[in-house]
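Treat the numbers as computed from the prediction; the structure is a model and nothing was measured. By convention in this document, chain letters (A, B, ...) are assigned in the order of the sequence lines, proteins followed by strands, and residues within each chain are numbered from 1.
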2 protein chains.
Amino acid sequence: MMNEHKLSRREREKLRQRREMLAAALDLFSQKGYHNVSLCEIAEKAEFAIGTLYKFFQNKEDLYRALVLEQCDRFEDAISHAIEQPDDEVEKLRNYVRAKTERFRSNLPFIRLYLAESRGASFNIKAGLNEEVRQRHYNFLEKIAAIFESGIKNNRFKNIADPYYLAVALDSAMDASLLLWLDAPERHPYPEDPDTILDIFFKGLIHP
Amino acid sequence: MMNEHKLSRREREKLRQRREMLAAALDLFSQKGYHNVSLCEIAEKAEFAIGTLYKFFQNKEDLYRALVLEQCDRFEDAISHAIEQPDDEVEKLRNYVRAKTERFRSNLPFIRLYLAESRGASFNIKAGLNEEVRQRHYNFLEKIAAIFESGIKNNRFKNIADPYYLAVALDSAMDASLLLWLDAPERHPYPEDPDTILDIFFKGLIHP
DNA sequence: CCTTGAAAATGTGACGCCACATTTATATAG
DNA sequence: CTATATAAATGTGGCGTCACATTTTCAAGG
């Protein structure tokens, strides 16, 4: 992101408009899915004419692409930042869990799109947006895997599985339980302890 | 499913045709997604005319619905069956992991659709197919949760988390790691030990 | 300074076009 | 002659375009 304050009034105005279009699009896409939203609808919701959308984005696919990738950046940056701070592996993981929970909480609409794209089976767009998002997600998982790896080297963690698989398991377990809670808060109340899932991984189920 | 052998030749023939149509549709849908497949394509692949499809299904949505729900049944039946046999909780869970792995292995095309529908964000179809599939999945998770619960009662498992959350975590961790392997077998080879994921849950990471 | 008006920049939405779901008229088989 | 399969015909809806409308800019004249 460029520094917004160095732009002309006109350019700032354009950015603002662009953001409004993307916000409207995010709402609609995350609610109804790529193929069940028309540009007409987006234009109407954003209070612009259809033609204006085309001044900002080449076509529907381009708009969607921009939306998803920008949000991905924000999401991954937020979480990456959270795991950089402490040295301690356990604390890093706790920070990761909390940061992820917070992003789910505060940005649910996008989360639905993100999961749709990063899971294997969305097919929203031909030109491999899926691929790109998934690739980024894999790269991100490497960061979590690195924490596990370091913990195993330090002998803070037992060496019971490939660090990457540990990362995959933890990350997807978080996704699933957060989604459950967000989908039906009444039926699946938020775990009292935000680290419940993490504790499963730490403590293990079987008596030693 | 009705017993096929009590039907007339004509009726058996119809069932066979129906199955062929659904098989073709499954291939296409799982590869390209609901909205990127036309009935023309399905008809061509199944070697029928378009009109014939309409003799069997009211419309495209109806066809897709039938496809997904029938496959869901098969999938859930197979796994439910696997966890009914042993009494031992650990063995039940091992059977669950193996059955699920086997279904992923042998029926990958459907798995992609299943995950797309059971995750929150697919939106292939307006009329809440998502909802129905997700609801079934939740119900299925109850069965896994019951195993954990029983294990905790027996004191075979430590009481570290709500059984339902344990089930959610294990199930999604399985999905994610199986998918990883299926998407890129060269980069993520199949874990030597099929129970790797399960062991993470059993043993725990931190030294006691 | 303020006014004004024309040109440049920007916004608009009706419409062309096409892909595809569905229907219907026709051909074929039994 | 009936039942069934077929594929051409029909209708719908959404993407993307473009000729026009509106707003902004800016300079010259009062």
Side-chain angles (χ1 to χ4, degrees), chain A residues 4 7-68 122-127 129, chain B residues 7-68 113 122-127 129:
Chain A
E4 223 164 278
L7 303 173
S8 69
R9 192 182 62 70
R10 184 72 223 168
E11 283 167 316
R12 271 180 288 131
E13 170 73 4
K14 286 203 124 190
L15 270 185
R16 210 182 49 74
Q17 289 177 321
R18 192 188 139 99
R19 265 201 302 274
E20 286 198 18
M21 288 172 187
L22 287 178
L26 175 57
D27 261 16
L28 290 167
F29 282 140
S30 66
Q31 231 178 309
K32 317 208 285 174
Y34 182 75
H35 291 284
N36 296 319
V37 174
S38 70
L39 284 187
C40 247
E41 251 177 306
I42 297 176
E44 201 172 346
K45 174 147 194 161
E47 294 177 281
F48 289 99
I50 306 161
T52 311
L53 292 193
Y54 281 86
K55 289 278 176 2
F56 288 78
F57 306 97
Q58 293 205 333
N59 51 43
K60 187 181 180 183
E61 190 168 316
D62 184 47
L63 189 160
Y64 186 72
R65 206 188 188 67
L67 173 60
V68 170
S122 157
F123 321 112
N124 279 340
I125 275 187
K126 351 259 177 186
L129 177 58
Chain B
L7 302 173
S8 69
R9 191 184 61 71
R10 183 72 221 161
E11 283 167 316
R12 269 180 290 132
E13 171 73 5
K14 286 203 125 192
L15 269 186
R16 210 183 49 74
Q17 289 178 320
R18 191 187 139 99
R19 264 201 302 275
E20 286 199 18
M21 289 173 185
L22 288 178
L26 175 57
D27 260 16
L28 290 167
F29 282 140
S30 65
Q31 230 178 311
K32 319 207 285 173
Y34 182 75
H35 292 283
N36 297 318
V37 173
S38 69
L39 285 187
C40 244
E41 250 178 306
I42 297 176
E44 200 173 347
K45 175 148 195 161
E47 294 178 281
F48 289 99
I50 305 161
T52 312
L53 292 192
Y54 280 87
K55 288 281 192 303
F56 287 79
F57 306 97
Q58 293 204 334
N59 51 44
K60 186 182 181 184
E61 188 168 318
D62 184 47
L63 189 160
Y64 185 72
R65 209 189 186 66
L67 172 60
V68 171
L113 280 197
S122 156
F123 322 111
N124 278 339
I125 275 188
K126 351 260 178 187
L129 177 59

Item to check | OP1 or OP2 of C/dG11 under 4.0 Å from side-chain N/O of A/K55 | outcome: no
Item to check | Nucleotide nearest B/Y54 when distance is taken to its side chain, options D/dA5, C/dT23, C/dT12 | outcome: C/dT23
Next on the checklist: Please determine whether a side-chain nitrogen or oxygen atom of B/Q58 lies at a distance below 4.0 Å from atom OP1 or OP2 of C/dA21.
Outcome noted: no
Checklist entry - Could you state the CD1-P distance from A/I42 to D/dG16, rounded to the nearest angstrom? => result 11 Å
Next on the checklist: Under the criterion side chain to side chain contact (heavy atoms under 4.5 Å, CB included), I'd like the reasoning laid out for B/K60 against B/Y34: C-alpha separation, chi angles, the key distance, then a yes or no.
Outcome noted: CA-CA 9 Å; B/K60 186 182 181 184; B/Y34 182 75; 3.6 Å; yes
Checklist outcome for this item: Here the distance between atom P of C/dT23 and atom CG of B/L53, to the nearest Å, is 13 Å
Checklist entry - Does the pair A/R16 and A/E20 meet the rule for a side chain to side chain contact (heavy atoms under 4.5 Å, CB included), with working shown? => result CA-CA 6 Å; A/R16 210 182 49 74; A/E20 286 198 18; 2.9 Å; yes
Checklist entry - Considering only C/dG13, D/dA5, C/dA21, which nucleotide approaches the side chain of B/T52 most closely? => result D/dA5
Item to check | Below 4.0 Å: OP1/OP2 of D/dT4 and any side-chain N or O of B/Q17 | outcome: no
Checklist outcome for this item: A/E61 atom CD is separated from D/dG16 atom P, nearest whole Å, by 9 Å
Next on the checklist: Nearest to the A/I50 side chain among C/dT22, D/dG14, D/dG16, which nucleotide is it?
Outcome noted: D/dG16
Checklist entry - Could you state the CD-P distance from A/E44 to D/dC15, rounded to the nearest angstrom? => result 13 Å
Checklist entry - Can you tell me if CD on A/E13 sees more than 12 non-hydrogen neighbours from other groups inside 6.0 Å? => result yes
Checklist entry - Roughly how many Å is it from NE2 in A/H35 to P in C/dA19, rounded to a whole number? => result 16 Å
Next on the checklist: Under 4.0 Å, counting only non-hydrogen atoms across every strand here, what does A/L39 touch: a base, just sugar-phosphate, or nothing?
Outcome noted: sugar-phosphate
Checklist entry - Can B/L63 and B/L22 be said to form a side chain to side chain contact (heavy atoms under 4.5 Å, CB included), step by step? => result CA-CA 8 Å; B/L63 189 160; B/L22 288 178; 4.1 Å; yes
